[in-house]
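Scroll down for the structure; my scribbles are underneath it.
Whatever order the structure lists ligands and atoms in, that order sets their numbers, starting from 1. What you see is a predicted model, and the numbers here were worked out from it, not measured in a lab.
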Amino acid sequence: MSERIQAPRGTYDVLPEEAARRAEVEAIARRILGGAGYGRIETPVFEATDLFARGVGEATDIVRKEMYTFDDGGGRMVTLRPEGTAPICRAYLEHGMHKLPQPVRLWYLSSFFRRERAQAGRYRQFWQIGAEAFGSEAPEVDAETILLLAELLEALGVKGTRLRLGSLGMPETRAAYRERLQAYLHTHEDELPAEVRERIDLNPMRAFDADDAGTKRVMESAPRLMDELAPEDAEHFAQVRTLLDDAGLAYEIDATLVRGLDYYTRTVFEFTSDALGAQSGVAGGGRYDKLVEQIGGQPTPAVGWAAGIERMLMAGEGVRAPELPVDLYVALAAADARRAGFRLANEARRAGLAAQVEVAGRSLKGQLKHANRIGARHVAVLGAEGASVKDMESGEEETMPVEQVIPAVLRGRR
Ligand code: HAM
């Protein structure tokens, strides 16, 4: 026997039972997001590498070390999408969606790829449900997207959620703040571990994420970006908060909320769940008013989020896959009934019934057991003379010519 080939690290298979649960998740997302005017969008699995380098940001972990990038064979560098926002901005531009009535609201359910250290809740191919709204800077759109996300998490039964909310202001404010933070961190270098020190110049805000006691102490007195917001950004944030307060959604202000992507402006947010372990982030997002411009479009404000499907399913028990009905199981009492049984099952399916026929060569007793196991509503036992149709719920049994089986099952189904 040859050596068995296994799935790559950090990937997993979605088996039928799980796939059915996911279909339910998708149906719930479609109801909530579709109901709020979001249209489903699908973009390619790979994109020009430049889209992410420019969009997500050269200094982010994602772009520096997590992307699956390769030459497409024609000298063009392409990357398996690590996230959905930059691709959707590209699609918005490419299809002239700025000419549509704004805001343009789009949602997606897709898989994404990041070369991360695989562990529970963290995969190299994972799935997200996301929503993006383009063309409005109204705080109502920020609040609406957050409320829709909260509704989705609730509908999926995600337990123990907490919402953290912050504002990053505009890039100019952030650039000035970044310099102040860098200067502050440099004056405390001797209290910081090497990995934090090395990032001072590259990405100083990440120091807020460090877990070691020394850095935590230093960060307690570090300057906070939220204290330095421009008046119009502070006002925008206040309005988002008021709208969330009016809706009765609980949140915590987190002045140190740092997202792992560079495109954010103004509002940022993250939902965590205590039902998860170390990877407690269930969903996150924010406003990205400069991203469309950054990838070559006209200035277009936008806001959105993405929620990890694996983590939502891990943190919730609310989603149950609906049972798939089997209207008819065709059992064979005699070997020469095979052909007629096959035909009957096929015709039953064409008539709109969920129907299966015995193909495993089981004994009649074995077939009836199997029909029971798969929850068949009716079993038709085909013999030399016609069929005997049993209603598995009522236990009633009737003998009839084969041609009458389908009408009988259709009647019984109602
Ligand atoms: P993100 O925070 O990188 O944001 O990812 C959003 C969610 O995807 C996370 O909260 C987590 O649930 C899930 N996720 C991320 N990486 C992994 C992984 N390796 N394994 C399993 N789940 C994962 C974004 O991707 C932004 N595009 C969100 C956004 C949309 N911002 C604005 N619009």
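- Within ligand 1, counting atoms from 1 as listed, the ones closer than 4.0 Å to a heavy atom of G308 are 7 (C), 8 (O), 12 (O), 13 (C).
- An N or O contact shorter than 3.5 Å is missing between A306 and ligand 1 by distance.
- Residue V282 has at least one N or O atom closer than 3.5 Å to an N or O atom of ligand 1.
- Set against the non-hydrogen atoms of W305, the atoms of ligand 1 under 4.0 Å away are 29 (C), 30 (C), 32 (C), 33 (N).
- Listed by chain and number, the residues in a ring-ring contact (aromatic ring centres under 6.0 Å, His included) with Y264 amount to none (sequence neighbours excluded).
- Side-chain contact of Y12 with E310: a donor-acceptor pair under 3.5 Å is present, judged by distance alone.
- Look at G121 and you'll find a heavy atom under 4.0 Å from some atom of ligand 1.
- In this structure, F112 falls outside the shell of residues with a heavy atom less than 4.0 angstrom from ligand 1.
- In terms of protein heavy-atom proximity, atom 18 (C) of ligand 1 is nearest to F126 CD2, 3.4 Å.
- For atom 11 (C) of ligand 1, the nearest protein heavy atom (residue, atom name, distance) is R311 NH1, 3.5 Å.
- Between the side chains of E189 and H186, at least one donor N or O lies within less than 3.5 Å of an accepting N or O.
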Q: Give the intermediate values and the outcome of side-chain hydrogen bond (donor to acceptor under 3.5 Å, both in side chains) for residues Q294 and Y288.
A: CA-CA 10 Å; Q294 234 161 353; Y288 48 95; over 6 Å; no
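- Of the N or O atoms in E116, one or more lie within a sub-3.5 Å distance of an N or O in ligand 1.
- Counting heavy atoms under 4.0 Å from ligand 1, residue Q279 does not touch it at all.
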**Q.** Pair E228-R180, side-chain contact (heavy atoms from CB on, under 4.5 Å): steps then yes or no
**A.** CA-CA 11 Å; E228 301 180 11; R180 291 216 322 119; 2.5 Å; yes
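- Taking E116 as the reference, E66, R114, R122 meet the side-chain contact (heavy atoms from CB on, under 4.5 Å) condition, with sequence neighbours excluded.
- With F271, Y288, Y264, F113 as candidates, the residue nearest to atom 31 (N) of ligand 1 on a non-hydrogen basis is Y264.
- Every atom of ligand 1 with a heavy atom of A283 under 4.0 Å away is listed here by number and element: 10 (O).
- The N/O atoms of I62, backbone and side chain alike, include none that comes under 3.5 Å of an N/O atom in ligand 1.
- Atom numbering of ligand 1 starts at 1 in the shown order; those under 4.0 Å from a heavy atom of E132 are 30 (C), 32 (C), 33 (N).
- For S111 and Q125, the side-chain atoms include at least one donor-acceptor pair closer than 3.5 Å.
- The shortest N or O to N or O distance between G285 and ligand 1 is not under 3.5 Å.
- Among A86, G304, P87, the residue whose heavy atom lies nearest to atom 32 (C) of ligand 1 is G304.
- Of the protein's non-hydrogen atoms, Y263 OH, 3.3 Å is the one closest to atom 26 (C) of ligand 1.
- Of the protein's non-hydrogen atoms, the one nearest atom 27 (N) of ligand 1 is E83 OE1, 2.7 Å.
- Side chains of Y108 and E132: a donor on one and an acceptor on the other come within 3.5 Å.
- Counting non-hydrogen atoms of other residues, nucleotides and ligands closer than 6.0 Å to CD of E397 gives a total above 12.
- Counting heavy atoms from C-beta on, the side chains of E232 and R266 come closer than 4.5 Å.
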Q: In sequence, state the C-alpha distance, the side-chain angles, and the governing distance for H98 and V104, and then conclude on side-chain contact (heavy atoms from CB on, under 4.5 Å).
A: CA-CA 8 Å; H98 60 282; V104 169; over 6 Å; no
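- Closest protein heavy atom to atom 20 (N) of ligand 1: Y123 N, 3.0 Å.
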